[in-house]
Amino acid sequence: MRASDVRAESAIAGATAPRIAGLAEVQRALLAWHRRHGMGAPWRTSRDPYHALVAAVMAQQTQMARVLPAYERFLAAFPTAEALAGATTADVIRAWSGMGYNQRALRLRAAARIVVVDGWPREMEALSTIDGIGPFTAAVVASFAFGRPAACIDTNVRRVLGRLAGEERITPAALRRLAGEALVVRKPARWNQALMDYGARICTPRPKCDACVVAEWCASRASKTRGTKDELPSDGRRVAEERATYEIDTTPKRMQQRRRVPADDAARRYYRGRTIDLLRGLAPGGCIDVDALPPLLGGRHPKPSLRQMRAIVASLVRDGLAVLRPEAVPPAVSLPED
DNA sequence: AAGACGGGGAG
DNA sequence: CTCCCAGTCTT
């Protein structure tokens, strides 16, 4: 890349627009790395949009190591979009066991119901209009299944591209621009996987720069290794002694006033999950008294009062994850058997 | 812009 | 123990 190119682009995109030096070499190096070290996820070689969708939704805020076995189980239970579309809520929630964020499972079924009627949108834009399919999931389906030039942007991609451009706190708009520019349009799926995989394995929050194949083009590494140790932190604090100087700390500015989740919010979330898991274990069609739940839920948190327990159940009902049995006195709850 | 929403693995 | 993860929706 020539300096004149940079200036020309900057005039259009703005003087501060982040760029990656040696982009073509970076693309080549990361694709080569991925060929050797990429993880062989089962949906990697599939062109079935349903496979891509299931994998992408499962991957939302969930590490791949946990997605793989869950993906196999889920597809065994619901091999096609048609099968999922016709499944009961209870069966879908049961198949989602261990994944968390259970509303994802219901949105996934809702998406399946849409595509079995309307067919699959092939463009990221159209995919994004479906509930539960955001920019990331839409880009996964569009690129993996349909070969569309859509850039997946997740936390890994943000970290890798941000560091390469020397812009660790990149804005969403600048990141979208940078990701689109970096996308290898000839093989978008491979490129997306390479970038995400690299962020998950090498360019991690505490990066393994000694194993990095693009370190020589990394603006973040360059800026960190150039100065002496005393110059590193701009706020005047020293980095930890045991950390190598070339390791880049991209820890967000959360040091003071780290947002601590209120205790009862954590407890509430915990007991929502515990309740669903308990309902999963009931015999199909079975239910349980709401007031009998608190002692059964285990206790990393203060045991919920009956009042809190009813509120938790109500929130699950509101989300469609549970139903109250109208005939039961006192109130009883179960998974929606549909 | 800020919350809500799980569960498990890594450090 | 804390932090983090192939995000998305709601307020």
Side-chain angles (χ1 to χ4, degrees), chain A residues 34 38-39 41-44 51-71 93 96-108 110-111 127-144 150-161 171-172 175 179 189 191-201 203-208 240 242-243 247 249-252 254-255 257-262 264-278 280 297-298 300-301 311-312 315-316 318-321:
Chain A
H34 185 249
M39 44 177 92
W43 53 85
R44 234 187 68 182
H51 294 170
L53 178 64
V54 172
V57 172
M58 284 190 164
Q60 293 167 8
Q61 290 289 284
T62 306
Q63 289 169 339
M64 292 308 305
R66 198 143 35 94
V67 169
L68 269 117
Y71 174 86
I93 292 173
W96 202 255
S97 174
M99 291 298 291
Y101 288 135
N102 296 302
Q103 294 176 84
R104 286 186 297 175
L106 301 189
R107 294 191 177 120
L108 185 55
L127 285 160
S128 296
T129 65
I130 297 176
D131 193 39
I133 301 183
F136 166 77
T137 303
V140 169
V141 174
S143 65
F144 284 36
C152 298
I153 299 178
D154 68 349
T155 186
N156 290 308
V157 173
R158 175 173 58 251
R159 196 168 48 239
V160 175
L161 294 183
T171 68
L175 178 60
W191 172 249
N192 284 331
Q193 289 167 115
L195 212 46
M196 291 189 286
D197 206 0
Y198 202 73
R201 306 262 301 275
C203 198
T204 48
R206 292 279 296 271
K208 306 162 180 24
E242 66 277 8
R243 184 177 302 171
E247 288 187 348
D249 184 4
T250 59
T251 307
R254 65 166 181 279
M255 34 223 66
Q257 206 106 17
R258 200 165 48 71
R259 48 144 218 241
R260 55 185 66 257
V261 181
D264 37 342
D265 179 72
R268 174 196 153 79
R269 197 188 285 221
Y270 173 72
Y271 285 122
R272 270 178 62 104
R274 292 295 305 147
T275 299
I276 291 298
D277 204 44
L278 187 148
R280 279 191 187 104
L297 297 182
R300 310 197 322 212
H301 298 274
I312 287 169
S315 78
L316 292 172
R318 208 158 43 237
D319 290 341
L321 295 169

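All chains are named by letter (A, B, ...) in the order of the sequence lines, taking the proteins before the strands, and each is independently numbered beginning at 1.
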- Please measure how far the C1' atom in B:dC5 lies from the corresponding atom in C:dC4, and state the result in whole Å. 15 Å
- Task: Anything under 30° is parallel, anything over 60° is perpendicular, the rest tilted; go ahead and classify A:H301 against A:Y270.
- Result: tilted
- Query: Which distance, rounded to the nearest 0.5 Å, do you find between the CZ of A:R272 and the CG of A:L321?
  - Reply: 6.0 Å
- Over how many whole Å does the gap from A:Y101 atom OH to B:dC5 atom P extend? 10 Å
- Item | Shortest side-chain distance from A:D154, nucleotide among C:dA6, C:dT8, B:dG6 | C:dA6
- Between atom CZ in A:R272 and atom C1' in B:dA4, what is the gap in whole Å? 8 Å
- Considering only heavy atoms and no angle criterion, is a donor-acceptor pair shorter than 3.5 Å present between the side chain of A:R66 and the base of B:dG7? yes
- Item | Nucleotide B:dG6, atom P - distance to CG of A:D265 in whole Å | 11 Å
- Could you give the distance separating B:dG6 and C:dC5 at their C1' atoms, to the nearest angstrom? 11 Å
- Message: Between A:D265 and A:R268, does any NZ, NE, NH1 or NH2 come within less than 4.0 Å of an OD or OE carboxylate oxygen?
- Response: no
- Between A:Y71 and A:W43, ring centroids under 6.0 Å: yes
- Please list residues of residues 130-144 of chain A whose heavy atoms come under 4.0 Å from any atom in DNA chain B, ordered by number; otherwise none. none
- Item | Separation of A:I276 CD1 from A:I312 CD1 (nearest 0.5 Å) | 11.0 Å
- Task: Describe the nucleic acid contact of A:Q103 in one word from base, sugar-phosphate, nothing, applying a heavy-atom distance below 4.0 Å.
- Result: sugar-phosphate
- Message: Just to be sure I understand the rule, does A:T155 reach a base, reach only the sugar-phosphate, or reach nothing, if contact means heavy atoms closer than 4.0 Å?
- Response: sugar-phosphate
- Message: Is any side-chain heavy atom of A:W96 closer than 4.5 Å to one of A:M58?
- Response: yes
- Message: Using the side-chain heavy atoms of A:R107, tell me which of these nucleotides is nearest: C:dC9, C:dA6, B:dG6.
- Response: C:dC9
- Message: Among C:dC9, C:dG7, B:dA4, which nucleotide has an atom closest to any side-chain atom of A:R269?
- Response: B:dA4
- Message: Side chains of A:L195 and A:N156, heavy atoms from C-beta outward: is any pair under 4.5 Å?
- Response: no
- Answer with base, sugar-phosphate or nothing: what part of the nucleic acid does A:D319 contact at a heavy-atom distance below 4.0 Å? nothing
- Message: Expressed as a whole number of angstroms, how long is the span from A:R318:CZ to C:dC9:P?
- Response: 19 Å
- A:R159 has a side chain; which of C:dA6, C:dC5, C:dT8 sits nearest to it? C:dC5
- Task: Give a yes/no on whether any side-chain N or O of A:Q63 is located under 4.0 angstrom from OP1 or OP2 of C:dC5.
- Result: no
- P gap between C:dT8 and B:dG8, integer Å: 22 Å
- Query: Counting any heavy atom closer than 4.0 Å, what does A:M58 reach on the DNA or RNA strands: base, sugar-phosphate only, or nothing?
  - Reply: nothing
- Task: Let me know the distance between CG of A:D264 and C1' of B:dG3, rounded to the nearest Å.
- Result: 14 Å
- Task: Could you check which of C:dA6, B:dG6, C:dC5 has an atom nearest any side-chain atom of A:T62?
- Result: B:dG6
- Message: Measure CZ/A:R206 against C1'/C:dT2 and give the value in whole Å, please.
- Response: 14 Å
- Item | A:I93 CD1 to B:dC5 P, straight-line distance once rounded to whole Å | 15 Å
- Item | Side-chain N,O (A:R268) to OP1/OP2 (B:dA4) below 4.0 Å | no
- Item | Residue pair A:N192 / A:S143: nearest heavy atoms and the distance that separates them | ND2-OG, 3.1 Å
- A:L127 atom CG is separated from C:dT8 atom C1', nearest whole Å, by 15 Å
